[in-house]
Amino acid sequence: MTVYESDLPGVGKKFEIEVDDDEQLVIVTHNTGKREVFRRHGESDSEKLFELSDRLARQVGTILEGAYFQPVATETTETMLDEDTLFEWVAVAEGSELIGKTLADMDFRETTGTSVVAIQRDDETESNPGADTTIRAGDTLVIIGTPDACDRVERLAAGTDDPREEAAQAADEPADDDTDA
Amino acid sequence: MAALLFEAGVMFSVLAVAGAVAHRIDLSVIPFYVVSGVLVSPFVFGSLGLPALEDQQFITLLAELGIVFLLFFLGLEFSLDRLLESREEIGKAGALDLAVNLPVGVAIGLALGWSLLEAFVLGGIVYISSSAVITKSLIDLGWIANDEARPMLGTLVFEDLFIAFYLAVLSAVILGGGTFIEVLQQVAVAMGFLAVLVAAVYFGSAYFERFLAVDSQELFVIRAVAITVLVAGGALALGVSEAVAAFFIGMGFSGTDHLHDLERRLIPLRDVFAAVFFFWIGLNTDPTVFGSVAVAGLLVVLVVATTPTKLLTGFLSGRIYGLNDRRSVRVGCGMVTRGEFSLIIAALAAGSGGSVVLAETIPSVAVGYVLVMSILGTLFMQYAGLFERFVVTEESVSTGAD
């Protein structure tokens with residue numbers, strides 16, 4: 001795939017990228033930072049697709065590159081250490097029963113079956129939180145445990161007014177009885 | 001001071017309105033700035049009893065800064081490397097453009113019985129196409145991504161370089177005045193000054209780089225403005241074209257890392273001062289001059305004579321770049337546009353204090369000429385389809401016979 005670069009004196013630079021046999025993508029980068037993107041079919045005129053400001057162009061570029069990552073704080077992310085051990089980030093929602101309690105209060109490890117290895121609050125991470133650390137709304141608990149144990153923490157961390165959560169809790173509980181520590 | 005400040009405010013307000021109108025109709029602002037100057041001048045509003053603005057020192061100064069910044073940016077965008085890269089194509093297209101269009105203007109001037117100097121000035125005015133207006137149209141029409149942009153921009157680069165040389169010589173000749181020896185002396189001084197500048201640009205790129213390597217954005221801008229205006233002012237004091245001096249300063253910075261920062265931070269300044277320049281040109285133009293048959297007739301002759309020449313040389317330069325007929329026609333249409341440079345040359349003539357032709361007729365005619373040609377060229381580009389059909393029909397006729 002060839003990219004042709006040419007100068008547009010007084011304007012900026014032009015890049016022509018062969019997309020297909022007959023189709024080209026033409027990107028004009030203005031000295032002002034503006035990017036204009038055109039599509040050209042063979043010998044016909046270039047058809048302008050859109051234009052982007054400098055900042056937007058860089059963001060779009062990163063997305064196209066596949067390197068764009070934005071941490072989604074409201075969802076849980078998980079990493080498997082082995083098939084029975086998960087590393088999870090759990091966000092503590094408003095209305096969660098964990099709020100205001102310390103790890104000792106909850107007897108966290110015994111109750112949930114997971115260990116809290118770190119608590120992320122705003123931009124700071126407190127690793128190995130002490131037993132007297134109070135959990136607050138908006139915290140992200142970094143826990144280690146079995147998949148079921150992590151699910152338990154997720155349910156506790158969720159706000160209790162989500163009907164789906166309550167239904168899931170109700171559905172889960174019978175199965176959970178055997179694995180309760 | 002209150003009166004001056006208020007007048008300045010009025011001037012900028014008029015420019016704002018003119019610009020708004022231009023944007024509404026989606027045409028280049030340049031002719032509108034000029035017309036706004038013509039309207040609020042003592043010649044139009046003044047003679048109608050409406051409040052008018054008179055040309056005065058502060059407006060002239062801001063206009064001068066406009067010329068300086070316009071040429072500074074030209075030098076900034078100019079790249080000797082680019083020129084050398086496509087030197088064959090640019091050289092041929094540029095030389096053709098020069099060989100046809102400059103002499104036409106000179107010939108018309110001589111035919112009117114004007115002096116060689118006056119004819120030479122007229123030649124320059126009709127020769128040079130407008131980089132600003134053409135580039136804007138190219139972007140507006142989306143042609144910037146097509147092949148026809150290359151010969152147009154390439155020829156404009158050649159013209160810019162030639163005009164720098166032309167302005168240097170012309171300034172020296174005009175400011176030198178008097179006898180042949182004095183003129184020669186002045187030209188020598190000019191060439192010497194410019195040689196120093198060129199050497200500074202060529203050998204001193206490290207100094208240019210270091211000069212603007214400051215953390216503060218404010219310092220950056222002030223330093224850039226300081227060196228540009230100081231050198232340009234110094235040049236003018238020595239009788240050298242301030243425009244060309246600014247051009248070389250711009251060129252000096254074009255090779256540095258500061259290029260993008262300069263563009264970003266100084267473009268607003270340039271736009272403000274350049275607007276005043278176009279306004280000032282209009283302000284000093286008496287439109288009743290066009291009431292005289294002689295002047296109006298000259299304008300018509302110029303338009304009629306110099307439009308087909310540009311269409312032709314533009315078309316041929318398209319072919320030189322290997323474009324097909326259709327796109328070459330577009331190049332021709334675009335190059336018809338005249339604008340800011342013709343006005344800069346006219347300003348030079350107006351300030352010369354020379355003959356009536358030089359100081360009054362030529363500037364007035366130039367204003368009318370630019371107003372017509374900037375609009376005409378833009379319209380030609382927008383309706384290039386009509387011209388293309390002219391060429392394509394011929395082609396399909398010939399291919400139909402196969």
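Just so it is clear: chains get the letters A, B, ... in the order the sequence lines come, proteins before strands, and each one is counted from 1.
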Task: Side chain proximity check, Phe38(A) to Asn146(B), heavy atoms < 4.5 angstrom - done: no

Open item on the list: I'd like to know whether NZ of Lys92(B) has more than 12 heavy-atom contacts from other residues, nucleotides or ligands below 6.0 angstrom.
Closed with: no

Open item on the list: With a 4.5 angstrom heavy-atom cut-off, is it the side chain or the backbone of Glu36(A) that approaches chain B, or both, or neither?
Closed with: side chain

Open item on the list: Counting only non-hydrogen atoms closer than 4.5 Å, does Val26(A) touch chain B with its backbone (N, CA, C, O), its side chain (CB onward), both, or neither?
Closed with: side chain

Task: For the student: nearest non-hydrogen atoms of Asp45(A) and Arg330(B), plus distance - done: OD2-NH2, 2.8 Å

Open item on the list: To check you understand the geometry: which heavy-atom pair defines the closest contact between Glu43(A) and Arg327(B), and what is its length?
Closed with: O-NH2, 2.6 Å

TODO: Under 4.5 Å heavy-atom distance to chain B, tell me which part of Lys48(A) shows up: side chain, backbone, both or neither.
DONE: neither

Task: Side-chain donor or acceptor of Arg40(A) paired with backbone N/O of Ala145(B) under 3.5 Å - done: yes

Open item on the list: Between Arg150(B) and Asp7(A), does any side-chain N to carboxylate O distance fall below 4.0 Å?
Closed with: no

- [ ] May I ask you to check whether over 12 heavy atoms, not counting those of Arg87(B), lie within 6.0 Å of atom CZ?
- [x] no

TODO: Please say whether more than 12 non-hydrogen atoms of neighbouring residues, nucleotides or ligands are located less than 6.0 Å from CZ in Arg109(A).
DONE: no

- [ ] Kindly determine whether Glu77(B) and Val11(A) satisfy side-chain contact (heavy atoms from CB on, under 4.5 Å), including the steps that lead there.
- [x] CA-CA 8 Å; Glu77(B) 314 264 325; Val11(A) 178; over 6 Å; no

TODO: Determine the minimum heavy-atom distance between Lys14(A) and Asp147(B), stating which atoms define it.
DONE: NZ-OD1, 4.3 Å

Open item on the list: Between Thr135(B) and chain A, with a heavy-atom cut-off of 4.5 Å, which part of the residue counts as in contact: side chain, backbone, both or neither?
Closed with: side chain

